[in-house]
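This is a predicted model, so every value here is computed, not measured. Hydrogens, waters and symmetry mates are skipped; everything else that's a heavy atom, side chains included, is used.
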Amino acid sequence: MEYLHKDEQTKETRDLELFRHQGRVTTNTALHIDYTSVSDSLYFDDLDNTLGTSAKNYLDQRLLYSWRPGAWFNADFLTSMFQTLDRKLPFDDRPYERMPRLRAHLGSPNVHGLRFDIDTEVTRFEHDNEQLINGWRYHIEPSADLILDNGAAYWNSRLALRHTSYALDNTAPGQDDNPNRSIPSFSSDLGMRFERLMGNGGLHLLEPRLFYLYVGEENQDDLPIFDTGDPDFRFDRLFAENRYIGNDRIGDAHHVAFALTNRWIDPNTGRMHTELNVGQILRIDEPNVFLPNNPTPDPDHSELITELTHYFSKNWSSAIMLQWDADDSELNRTSTRLRYYDEHQRLF
(Lines give C-alpha, C1' and ligand atoms only; values in the text may rest on other atoms or scores of the structure.)
Protein backbone atom coordinates (compact mmCIF):
# COMPACT_ATOMS: atom_id res chain seq x y z
CA MET A 1 0.00 0.00 0.00
CA GLU A 2 1.08 3.58 -0.71
CA TYR A 3 -0.46 6.52 1.11
CA LEU A 4 0.00 10.27 0.65
CA HIS A 5 -1.76 12.19 3.40
CA LYS A 6 -2.06 15.48 1.54
CA ASP A 7 -0.86 16.22 -1.96
CA GLU A 8 0.56 19.75 -2.09
CA GLN A 9 -0.97 20.36 -5.52
CA THR A 10 -4.35 18.63 -5.33
CA LYS A 11 -4.78 19.14 -1.56
CA GLU A 12 -6.28 15.66 -1.40
CA THR A 13 -5.32 12.36 0.19
CA ARG A 14 -4.08 9.87 -2.42
CA ASP A 15 -3.34 6.18 -2.13
CA LEU A 16 -2.64 2.97 -4.00
CA GLU A 17 -3.74 -0.46 -2.77
CA LEU A 18 -2.29 -3.66 -4.20
CA PHE A 19 -2.75 -7.25 -3.09
CA ARG A 20 -1.59 -10.33 -4.98
CA HIS A 21 -1.76 -13.92 -3.85
CA GLN A 22 -1.27 -17.23 -5.63
CA GLY A 23 -1.17 -20.54 -3.80
CA ARG A 24 -2.76 -23.86 -3.11
CA VAL A 25 -5.59 -24.23 -0.62
CA THR A 26 -5.52 -28.04 -0.79
CA THR A 27 -3.81 -30.56 -3.05
CA ASN A 28 -6.50 -30.13 -5.70
CA THR A 29 -7.55 -26.50 -5.22
CA ALA A 30 -5.79 -23.19 -5.81
CA LEU A 31 -6.58 -19.54 -5.09
CA HIS A 32 -5.38 -16.58 -7.12
CA ILE A 33 -6.14 -12.98 -6.10
CA ASP A 34 -5.05 -9.89 -8.02
CA TYR A 35 -6.41 -6.59 -6.67
CA THR A 36 -5.17 -3.09 -7.51
CA SER A 37 -6.93 0.20 -6.77
CA VAL A 38 -5.92 3.86 -6.78
CA SER A 39 -7.63 6.90 -5.30
CA ASP A 40 -7.85 8.77 -8.62
CA SER A 41 -7.27 8.29 -12.34
CA LEU A 42 -4.16 10.54 -12.42
CA TYR A 43 -2.30 8.65 -9.72
CA PHE A 44 0.22 7.03 -12.08
CA ASP A 45 0.63 10.23 -14.10
CA ASP A 46 1.57 12.30 -11.04
CA LEU A 47 3.29 9.86 -8.72
CA ASP A 48 6.00 7.26 -9.01
CA ASN A 49 5.36 4.08 -7.06
CA THR A 50 7.45 1.31 -5.51
CA LEU A 51 4.97 -1.56 -5.73
CA GLY A 52 5.92 -2.80 -9.18
CA THR A 53 2.79 -1.68 -11.02
CA SER A 54 2.47 0.86 -13.81
CA ALA A 55 -0.09 2.96 -15.60
CA LYS A 56 -2.61 1.26 -17.88
CA ASN A 57 -6.21 1.75 -18.97
CA TYR A 58 -7.69 -0.65 -16.44
CA LEU A 59 -6.73 -1.95 -13.02
CA ASP A 60 -7.68 -5.60 -12.59
CA GLN A 61 -9.54 -6.76 -9.50
CA ARG A 62 -10.13 -10.49 -9.65
CA LEU A 63 -10.43 -13.63 -7.57
CA LEU A 64 -10.01 -17.06 -9.17
CA TYR A 65 -10.63 -20.30 -7.30
CA SER A 66 -9.83 -23.47 -9.24
CA TRP A 67 -10.45 -27.16 -8.53
CA ARG A 68 -8.60 -29.94 -10.37
CA PRO A 69 -9.31 -33.33 -8.79
CA GLY A 70 -7.94 -35.23 -11.79
CA ALA A 71 -7.22 -35.23 -15.50
CA TRP A 72 -10.86 -36.00 -16.33
CA PHE A 73 -12.44 -32.98 -14.59
CA ASN A 74 -11.62 -29.41 -13.62
CA ALA A 75 -13.64 -26.35 -12.64
CA ASP A 76 -13.08 -22.76 -11.59
CA PHE A 77 -14.93 -19.82 -10.06
CA LEU A 78 -14.06 -16.24 -11.04
CA THR A 79 -15.15 -12.77 -10.02
CA SER A 80 -13.64 -9.97 -12.09
CA MET A 81 -13.97 -6.19 -11.82
CA PHE A 82 -12.00 -3.25 -13.22
CA GLN A 83 -11.11 0.29 -12.23
CA THR A 84 -10.98 2.43 -15.37
CA LEU A 85 -8.20 5.03 -15.50
CA ASP A 86 -8.64 6.35 -19.03
CA ARG A 87 -10.71 9.50 -18.53
CA LYS A 88 -11.33 9.84 -22.28
CA LEU A 89 -12.97 6.43 -22.54
CA PRO A 90 -16.76 6.79 -22.90
CA PHE A 91 -18.66 5.39 -19.94
CA ASP A 92 -20.53 2.91 -22.14
CA ASP A 93 -17.27 1.50 -23.58
CA ARG A 94 -15.89 0.39 -20.24
CA PRO A 95 -15.64 -3.39 -19.75
CA TYR A 96 -18.30 -5.53 -18.16
CA GLU A 97 -17.74 -7.09 -14.76
CA ARG A 98 -18.06 -10.86 -14.42
CA MET A 99 -19.94 -11.45 -11.19
CA PRO A 100 -19.39 -14.40 -11.21
CA ARG A 101 -18.17 -16.84 -13.89
CA LEU A 102 -18.36 -20.60 -13.38
CA ARG A 103 -16.58 -22.98 -15.77
CA ALA A 104 -16.26 -26.75 -15.83
CA HIS A 105 -14.60 -29.27 -18.11
CA LEU A 106 -15.42 -32.97 -18.19
CA GLY A 107 -13.41 -35.26 -20.43
CA SER A 108 -12.92 -38.92 -21.13
CA PRO A 109 -9.61 -40.76 -21.46
CA ASN A 110 -8.18 -41.39 -24.90
CA VAL A 111 -9.42 -44.85 -25.91
CA HIS A 112 -8.04 -46.11 -29.23
CA GLY A 113 -7.71 -42.52 -30.44
CA LEU A 114 -11.22 -41.43 -29.43
CA ARG A 115 -11.89 -38.81 -26.76
CA PHE A 116 -15.10 -37.06 -25.68
CA ASP A 117 -15.28 -33.72 -23.85
CA ILE A 118 -17.87 -31.28 -22.63
CA ASP A 119 -17.14 -27.67 -21.63
CA THR A 120 -19.66 -25.52 -19.80
CA GLU A 121 -19.65 -21.90 -18.69
CA VAL A 122 -22.14 -19.75 -16.79
CA THR A 123 -21.35 -16.03 -16.46
CA ARG A 124 -23.18 -13.03 -15.03
CA PHE A 125 -22.23 -9.75 -16.75
CA GLU A 126 -22.85 -6.39 -15.10
CA HIS A 127 -22.00 -2.84 -16.18
CA ASP A 128 -21.70 0.38 -14.20
CA ASN A 129 -24.18 1.93 -16.62
CA GLU A 130 -27.46 0.37 -15.54
CA GLN A 131 -29.06 1.38 -18.84
CA LEU A 132 -26.89 -1.03 -20.80
CA ILE A 133 -27.84 -4.65 -21.31
CA ASN A 134 -26.79 -6.89 -18.42
CA GLY A 135 -27.50 -10.54 -17.87
CA TRP A 136 -26.46 -14.17 -17.81
CA ARG A 137 -24.71 -16.14 -20.53
CA TYR A 138 -24.87 -19.95 -20.62
CA HIS A 139 -22.51 -21.85 -22.87
CA ILE A 140 -22.15 -25.59 -23.43
CA GLU A 141 -19.83 -27.27 -25.92
CA PRO A 142 -19.76 -31.05 -26.33
CA SER A 143 -17.09 -32.40 -28.65
CA ALA A 144 -15.60 -35.63 -29.98
CA ASP A 145 -11.97 -35.97 -31.04
CA LEU A 146 -10.17 -38.54 -33.16
CA ILE A 147 -6.44 -38.44 -32.35
CA LEU A 148 -4.02 -40.52 -34.43
CA ASP A 149 -0.25 -40.08 -34.04
CA ASN A 150 2.56 -42.50 -34.87
CA GLY A 151 5.43 -40.08 -34.33
CA ALA A 152 6.18 -39.50 -38.00
CA ALA A 153 2.72 -38.13 -38.78
CA TYR A 154 -0.52 -37.19 -37.04
CA TRP A 155 -4.15 -36.67 -37.94
CA ASN A 156 -6.47 -35.05 -35.43
CA SER A 157 -10.15 -34.36 -36.16
CA ARG A 158 -12.73 -32.66 -33.97
CA LEU A 159 -16.51 -32.45 -34.17
CA ALA A 160 -18.21 -29.97 -31.83
CA LEU A 161 -21.50 -28.22 -31.15
CA ARG A 162 -21.49 -24.80 -29.47
CA HIS A 163 -24.75 -23.77 -27.87
CA THR A 164 -25.07 -20.38 -26.18
CA SER A 165 -28.15 -18.85 -24.57
CA TYR A 166 -28.80 -15.64 -22.65
CA ALA A 167 -31.09 -14.27 -19.94
CA LEU A 168 -30.88 -10.49 -20.46
CA ASP A 169 -31.95 -7.40 -18.55
CA ASN A 170 -32.61 -3.88 -19.92
CA THR A 171 -33.33 -5.05 -23.46
CA ALA A 172 -35.03 -2.64 -25.85
CA PRO A 173 -38.79 -2.96 -26.43
CA GLY A 174 -39.46 -5.80 -28.83
CA GLN A 175 -35.97 -7.25 -28.41
CA ASP A 176 -35.68 -10.89 -27.37
CA ASP A 177 -34.33 -11.14 -23.82
CA ASN A 178 -33.59 -14.87 -24.19
CA PRO A 179 -31.73 -15.22 -27.50
CA ASN A 180 -29.77 -18.36 -28.23
CA ARG A 181 -27.50 -19.89 -30.85
CA SER A 182 -26.32 -23.40 -31.79
CA ILE A 183 -23.44 -23.81 -34.23
CA PRO A 184 -21.72 -27.03 -35.35
CA SER A 185 -18.06 -27.12 -36.29
CA PHE A 186 -15.61 -29.62 -37.73
CA SER A 187 -11.83 -29.42 -37.96
CA SER A 188 -9.17 -31.76 -39.29
CA ASP A 189 -5.47 -31.25 -38.59
CA LEU A 190 -2.93 -33.25 -40.62
CA GLY A 191 0.82 -32.95 -40.14
CA MET A 192 4.10 -34.77 -40.81
CA ARG A 193 7.48 -34.70 -39.06
CA PHE A 194 10.74 -35.00 -40.97
CA GLU A 195 14.22 -35.14 -39.43
CA ARG A 196 17.57 -34.48 -41.13
CA LEU A 197 21.00 -34.87 -39.54
CA MET A 198 23.24 -31.98 -40.57
CA GLY A 199 26.97 -32.01 -41.12
CA ASN A 200 27.78 -30.36 -37.77
CA GLY A 201 25.83 -33.01 -35.88
CA GLY A 202 22.79 -30.81 -35.39
CA LEU A 203 19.23 -31.82 -36.21
CA HIS A 204 16.86 -30.10 -38.64
CA LEU A 205 13.15 -30.77 -38.05
CA LEU A 206 10.66 -29.99 -40.82
CA GLU A 207 6.91 -30.09 -40.04
CA PRO A 208 4.40 -29.32 -42.85
CA ARG A 209 0.84 -28.94 -41.62
CA LEU A 210 -2.60 -28.76 -43.24
CA PHE A 211 -5.60 -27.59 -41.21
CA TYR A 212 -9.20 -27.69 -42.46
CA LEU A 213 -12.01 -25.87 -40.62
CA TYR A 214 -15.74 -25.65 -41.12
CA VAL A 215 -17.91 -23.58 -38.74
CA GLY A 216 -21.60 -23.17 -39.50
CA GLU A 217 -23.05 -19.76 -40.26
CA GLU A 218 -25.81 -18.24 -38.12
CA ASN A 219 -26.89 -14.61 -37.84
CA GLN A 220 -25.87 -13.40 -34.37
CA ASP A 221 -26.80 -9.72 -34.56
CA ASP A 222 -29.38 -10.17 -31.80
CA LEU A 223 -26.73 -11.35 -29.31
CA PRO A 224 -25.02 -8.87 -26.97
CA ILE A 225 -21.26 -8.39 -26.86
CA PHE A 226 -20.05 -8.72 -23.28
CA ASP A 227 -16.45 -9.90 -23.47
CA THR A 228 -15.72 -10.84 -27.08
CA GLY A 229 -12.95 -9.25 -29.13
CA ASP A 230 -10.82 -9.64 -32.23
CA PRO A 231 -7.34 -10.92 -31.26
CA ASP A 232 -4.05 -10.09 -32.92
CA PHE A 233 -3.30 -12.32 -35.87
CA ARG A 234 -0.35 -14.54 -35.02
CA PHE A 235 0.90 -17.90 -36.28
CA ASP A 236 -1.09 -19.94 -33.76
CA ARG A 237 -4.31 -18.20 -34.89
CA LEU A 238 -4.06 -20.10 -38.18
CA PHE A 239 -5.38 -23.14 -36.28
CA ALA A 240 -8.00 -21.44 -34.09
CA GLU A 241 -11.57 -22.71 -34.34
CA ASN A 242 -13.03 -19.25 -33.72
CA ARG A 243 -11.84 -15.96 -35.23
CA TYR A 244 -12.83 -14.21 -31.99
CA ILE A 245 -11.97 -14.52 -28.32
CA GLY A 246 -15.08 -14.99 -26.18
CA ASN A 247 -18.39 -16.73 -26.74
CA ASP A 248 -20.59 -13.82 -27.86
CA ARG A 249 -19.60 -14.36 -31.48
CA ILE A 250 -18.70 -17.59 -33.28
CA GLY A 251 -17.19 -16.65 -36.62
CA ASP A 252 -18.38 -18.76 -39.54
CA ALA A 253 -15.54 -20.37 -41.46
CA HIS A 254 -14.82 -22.68 -44.37
CA HIS A 255 -11.10 -22.59 -45.09
CA VAL A 256 -7.80 -24.41 -45.23
CA ALA A 257 -4.62 -23.27 -43.48
CA PHE A 258 -1.19 -24.25 -44.80
CA ALA A 259 1.81 -24.01 -42.48
CA LEU A 260 5.44 -25.00 -42.40
CA THR A 261 7.59 -25.16 -39.27
CA ASN A 262 11.39 -25.48 -39.28
CA ARG A 263 13.37 -26.16 -36.11
CA TRP A 264 17.14 -26.42 -35.76
CA ILE A 265 18.59 -28.28 -32.76
CA ASP A 266 22.02 -27.40 -31.34
CA PRO A 267 24.24 -30.54 -31.30
CA ASN A 268 26.14 -29.37 -28.20
CA THR A 269 23.21 -28.55 -25.92
CA GLY A 270 20.33 -30.51 -27.45
CA ARG A 271 18.21 -27.34 -27.32
CA MET A 272 16.44 -25.65 -30.22
CA HIS A 273 18.40 -22.58 -31.37
CA THR A 274 16.23 -21.39 -34.29
CA GLU A 275 12.57 -21.76 -35.25
CA LEU A 276 10.91 -20.53 -38.44
CA ASN A 277 7.12 -20.63 -38.94
CA VAL A 278 5.33 -19.69 -42.18
CA GLY A 279 1.61 -20.03 -42.87
CA GLN A 280 -1.53 -18.67 -44.50
CA ILE A 281 -5.29 -19.26 -44.58
CA LEU A 282 -6.99 -19.87 -47.94
CA ARG A 283 -10.76 -19.40 -47.72
CA ILE A 284 -13.15 -21.70 -49.56
CA ASP A 285 -16.20 -19.58 -48.66
CA GLU A 286 -16.33 -15.92 -47.71
CA PRO A 287 -17.10 -15.31 -43.99
CA ASN A 288 -20.26 -13.38 -43.12
CA VAL A 289 -20.32 -13.11 -39.29
CA PHE A 290 -18.40 -10.15 -37.85
CA LEU A 291 -18.13 -7.95 -34.81
CA PRO A 292 -19.79 -4.54 -35.27
CA ASN A 293 -17.49 -1.70 -36.39
CA ASN A 294 -14.55 -4.10 -36.83
CA PRO A 295 -12.58 -4.53 -40.07
CA THR A 296 -13.65 -7.56 -42.08
CA PRO A 297 -11.07 -10.13 -43.19
CA ASP A 298 -10.07 -10.60 -46.80
CA PRO A 299 -12.71 -12.86 -48.42
CA ASP A 300 -10.11 -15.00 -50.24
CA HIS A 301 -7.14 -15.45 -47.90
CA SER A 302 -5.38 -14.20 -44.81
CA GLU A 303 -2.07 -12.39 -44.80
CA LEU A 304 1.02 -14.57 -45.10
CA ILE A 305 2.51 -14.70 -41.63
CA THR A 306 6.16 -15.43 -40.82
CA GLU A 307 7.68 -15.77 -37.36
CA LEU A 308 11.42 -16.29 -36.81
CA THR A 309 12.81 -16.96 -33.32
CA HIS A 310 16.46 -17.39 -32.44
CA TYR A 311 17.80 -18.53 -29.05
CA PHE A 312 21.26 -17.09 -28.44
CA SER A 313 21.55 -19.01 -25.17
CA LYS A 314 19.37 -20.61 -22.52
CA ASN A 315 18.38 -17.13 -21.31
CA TRP A 316 18.50 -14.85 -24.37
CA SER A 317 16.27 -14.94 -27.46
CA SER A 318 15.06 -12.65 -30.22
CA ALA A 319 12.10 -12.86 -32.56
CA ILE A 320 10.68 -11.11 -35.60
CA MET A 321 7.13 -11.40 -36.97
CA LEU A 322 6.03 -10.29 -40.46
CA GLN A 323 2.54 -10.08 -41.99
CA TRP A 324 2.68 -9.86 -45.79
CA ASP A 325 -0.29 -8.72 -47.88
CA ALA A 326 0.15 -10.36 -51.27
CA ASP A 327 -2.67 -8.34 -52.90
CA ASP A 328 -0.99 -5.00 -52.14
CA SER A 329 2.57 -6.43 -52.12
CA GLU A 330 3.40 -4.79 -48.81
CA LEU A 331 4.10 -5.56 -45.18
CA ASN A 332 1.03 -4.71 -43.10
CA ARG A 333 2.69 -5.35 -39.78
CA THR A 334 6.08 -6.19 -38.32
CA SER A 335 7.24 -6.71 -34.75
CA THR A 336 10.56 -7.52 -33.12
CA ARG A 337 11.34 -8.79 -29.65
CA LEU A 338 14.44 -9.24 -27.50
CA ARG A 339 13.92 -11.35 -24.39
CA TYR A 340 15.95 -12.34 -21.34
CA TYR A 341 14.52 -14.88 -18.91
CA ASP A 342 16.45 -16.83 -16.29
CA GLU A 343 15.93 -19.57 -13.72
CA HIS A 344 15.08 -16.95 -11.07
CA GLN A 345 12.09 -15.77 -13.17
CA ARG A 346 13.72 -12.44 -13.98
CA LEU A 347 12.40 -11.14 -17.27
CA PHE A 348 13.67 -8.34 -19.49
Side-chain angles (χ1 to χ4, degrees), residues 58 60-66 73-82 84 89-107 117-144 158-187 213-231 240-253 287-297:
Y58 309 102
D60 203 5
Q61 301 168 350
R62 63 169 54 202
L63 180 149
L64 176 65
Y65 184 81
S66 57
F73 179 78
N74 62 75
D76 61 54
F77 170 90
L78 171 76
T79 62
S80 177
M81 300 180 293
F82 301 91
T84 303
L89 187 68
F91 191 64
D92 292 353
D93 291 341
R94 298 181 181 184
Y96 278 85
E97 299 175 349
R98 287 171 286 183
M99 299 293 290
R101 185 199 69 193
L102 298 171
R103 292 192 309 189
H105 169 82
L106 178 64
D117 298 270
I118 183 166
D119 290 282
T120 59
E121 177 186 312
V122 178
T123 310
R124 170 70 186 182
F125 293 96
E126 297 182 358
H127 200 279
D128 291 339
N129 184 351
E130 297 181 355
Q131 302 303 314
L132 292 182
I133 293 177
N134 297 318
W136 292 89
R137 185 181 69 199
Y138 308 94
H139 183 80
I140 184 169
E141 185 174 335
S143 62
R158 185 172 190 264
L159 180 65
L161 177 67
R162 304 171 193 174
H163 177 77
T164 311
S165 62
Y166 295 82
L168 303 176
D169 306 321
N170 302 331
T171 55
Q175 182 179 356
D176 187 3
D177 55 7
N178 296 112
N180 64 83
R181 167 202 65 201
S182 296
I183 296 180
S185 67
F186 173 77
S187 66
L213 176 65
Y214 172 81
V215 180
E217 178 185 343
E218 182 174 332
N219 188 304
Q220 301 166 53
D221 294 342
D222 60 335
L223 304 183
I225 299 175
F226 289 133
D227 65 350
T228 295
D230 196 357
E241 296 192 0
N242 188 10
R243 289 197 306 276
Y244 305 115
I245 295 177
N247 290 319
D248 295 318
R249 288 293 183 276
I250 304 295
D252 62 315
N288 294 302
V289 176
F290 310 108
L291 284 170
N293 305 318
N294 269 41
T296 58

Pairwise side-chain contact, [X] with [Y], heavy-atom cut-off 4.5 Å (strictly under):
X	Y	answer
L102	T123	no
L291	T228	yes
Y166	F226	yes
I250	Q220	yes
N180	H163	yes
N134	F125	no
N178	L168	no
L78	R62	yes

Residue pair [X] / [Y]: nearest heavy atoms and the distance that separates them:
X	Y	result
F290	R243	CD2-NH2, 3.9 Å
V215	S185	CG2-CB, 4.0 Å
L213	S187	CD1-CB, 4.0 Å
T79	P100	CG2-CB, 4.0 Å
I225	P292	CD1-CD, 3.3 Å
R249	D221	NH2-CA, 4.2 Å

**Report entry** No-hydrogen, no-angle side-chain donor-acceptor test under 3.5 Å, N74 and H105
**Finding:** no

**Report entry** T164 versus R181, side-chain donor and acceptor atoms under 3.5 Å
**Finding:** yes

Listed partners of [X] passing salt bridge (charged side-chain N to carboxylate O under 4.0 Å, His left out), at least two apart:
X	value
D177	none
R124	E126, D169
D76	R101, R103
R137	E121, D227, D248

Rounded to the nearest 0.5 Å, how far apart are [atom1] of [X] and [atom2] of [Y]?
X	Y	atom1	atom2	result
L161	S182	CG	OG	5.5 Å
N242	D252	CG	CG	10.0 Å
I140	S165	CD1	OG	9.5 Å

Query - Contacts of type ring pair (Phe, Tyr, Trp, His ring centres under 6.0 Å), residue F77, not counting sequence neighbours - result: none

Requested in this report: Begin with the C-alpha distance, continue with both residues' side-chain angles, and end with the deciding distance and a verdict on side chain to side chain contact (heavy atoms under 4.5 Å, CB included) for M81 and M99.
Outcome: CA-CA 8 Å; M81 300 180 293; M99 299 293 290; 3.8 Å; yes

Report task. Run the numbers on H127 and I133 for side chain to side chain contact (heavy atoms under 4.5 Å, CB included), then give the verdict. Result -> CA-CA 8 Å; H127 200 279; I133 293 177; over 6 Å; no

Query - Check: Q131 main-chain N/O paired with N170 side-chain donor or acceptor under 3.5 Å - result: no

**Report entry** Electrostatic pair R158:E141 at N-O distance under 4.0 angstrom
**Finding:** yes

Query raised in the report: Between R162 and E241, does at least one N-O distance fall below 4.0 Å, as a salt bridge requires?
Result: yes

Report task. Check side-chain hydrogen bond (donor to acceptor under 3.5 Å, both in side chains) between D222 and all other residues, then give those that pass, not counting sequence neighbours. Result -> none

